[in-house]
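These notes are about the structure you will find just below.
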There are 2 protein chains.
Amino acid sequence: MAATAQTDPAGATPSKGSATRAAILERAVDLASVEGLEGLSIGRLATELEMSKSGLFAHFGSKQELQLAAVEAAAERFRQTVIEPAEAAPAGAARLRAMADAYLDHLESDSYSGGCFWGAASADYDDRPGPVRDAIAAALDLWLATFEQQLEQAGVEQADRVAFELYSVVMGANSRYRLSRDRRVFDHARATVDRLLADGRSATV
Amino acid sequence: MAATAQTDPAGATPSKGSATRAAILERAVDLASVEGLEGLSIGRLATELEMSKSGLFAHFGSKQELQLAAVEAAAERFRQTVIEPAEAAPAGAARLRAMADAYLDHLESDSYSGGCFWGAASADYDDRPGPVRDAIAAALDLWLATFEQQLEQAGVEQADRVAFELYSVVMGANSRYRLSRDRRVFDHARATVDRLLADGRSATV
DNA sequence: CCTACCGATCGGTAGG
DNA sequence: CCTACCGATCGGTAGG
């Protein structure tokens, strides 16, 4: 399932059009992480990509379709950088630690100019009803459910509450690092993840 | 130190102008909690207050001054609803619990149409350098330092890390509630606050 | 994928 | 606190 799956038939060589579309979406995700998904403007995106506004617009048909495609592209990026590499680790605590480490390492490496897309997008859209908000909420609900499932596998009690704590702490690290530029928040977040996973295991003994 | 302190001389009767200004700022804080502090538009704010755009504009001189005044008004609101009532409780764990309860109770009561101003404003401005970002960062740094100070009074080890956890969990409750409308996040957040404060105390025995 | 355009709205100003 | 404006930019369309 590559990023071009929606525009090219399975097995086909990606067309030039879908390569352009993928490049637009990569940039859209990065820009939205900085400006927010609503503040993302078609004109500005076109200027940065050195193409005409209407040329870019033709790929999507409306700003909302562009936003929905950007949410899907960001979800694909999250799967590739956080979820799938961690699936090499055994289910349960080890896999959760791998997910948290991959997420925090990416934040700390400053690979993304605007930090976490989901932190920016969820705050921007949480009070704007409609399909964009629903797509963001569905992605985050899925990852919370993934955390909860792995916590249950690890034998942690109150897995739903601990999943909320894990989510809060890694997102809190993103938020605090954006504002303070103090890397110690990553140490705090990693120590908290360690403690949550260790507490859970000792509780089952 | 009332909200009118900046426009009226100390002890003077608040003028009609400063009453209008205060009403503008109340609405600006509520609107910014929904639309973000950048998405807040002078035209829309004027329409909602049934006054002309330039009439409203005359109170501030620029959009940035309006945003800075809204940040200050939101800080005053936070002090009045969360910080000051908790100062009736003894310093340390009891005061922290009172602050967390006041914050979570206000979120759960849906008093604010857009949830927490600081969650929306910090995500919106964390990547926009300038005085607005600096004012938001300073307010949040102050409250984090307040939490840390009370944790030290309570004899909690690693007070800076636990302050980060407290911050992350109450902000996480705001974020999750905005998206899921599931009130169980407040139970999770309260249970986490209880555990953080209880762990800290037992660690000192 | 382009040029050329539309009505609406943005922040801000002139002058009262 | 108002009316009447300004240039810039917004999302979107026509026509190629």
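Proteins come first, then strands; the chains are lettered A, B, ... in the order of their sequence lines, and each starts at number 1.
Within the 4.5 Å cutoff, no side-chain heavy atoms of A:L144 are placed close to those of A:E148. Looking at heavy atoms from C-beta onward, B:E65 lies in side-chain contact with B:S62 at the 4.5 angstrom threshold.
Under a cut-off of 6.0 angstrom, the local environment of CZ in B:R183 is crowded, with over 12 non-hydrogen atoms contributed by other residues, nucleotides or ligands.
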Could you summarise the pairing of DNA chain D as dot-bracket text, marking Watson-Crick and G-U pairs under 3.5 Å with ( ) or [ ] inside the strand and | across strands?
||||||||||||||||
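A ring pair (Phe, Tyr, Trp, His ring centres under 6.0 Å) with A:W143 is found for one member of A:W118, A:Y167, A:Y103 and no other, namely A:W118.
Computed from coordinates, the A:F60 CZ to C:dC1 C1' distance equals 14 Å when rounded to whole Å. The distance from atom CG of B:L49 to atom P of D:dC1 is 10 Å, rounded to the nearest whole Å.
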Which atom pairs, donor and acceptor, lie under 3.5 Å between side-chain atoms of residues 34-51 of chain A and protein residues at least two apart or in another chain?
residue : atom : partner : partner atom : Å
A:E35   : OE2  : A:R44   : NH1          : 2.4
A:E38   : OE1  : A:Y125  : OH           : 2.3
A:S41   : OG   : A:R44   : N            : 3.1
A:R44   : NE   : A:E48   : OE2          : 3.4
A:R44   : NH2  : A:E48   : OE2          : 3.1
A:T47   : OG1  : A:G43   : O            : 2.9
A:E48   : OE1  : A:R27   : NE           : 3.1

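Between A:R128 and A:D124 there is a salt bridge, with a side-chain nitrogen of the basic residue lying less than 4.0 Å from a carboxylate oxygen of the acidic one. With respect to the salt-bridge test (charged N to carboxylate O, under 4.0 angstrom), the residues A:R21 and A:E26 do not qualify. Taking 4.0 Å as the cut-off between side-chain N and carboxylate O, A:R97 and A:D194 count as a salt-bridged pair.
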Would you mind building the protein contact string for nucleotides 9-16 of chain C? One character per nucleotide, 5' to 3', B for base within reach (heavy atoms under 4.0 Å), S for sugar-phosphate only, - for untouched.
-SBBB---
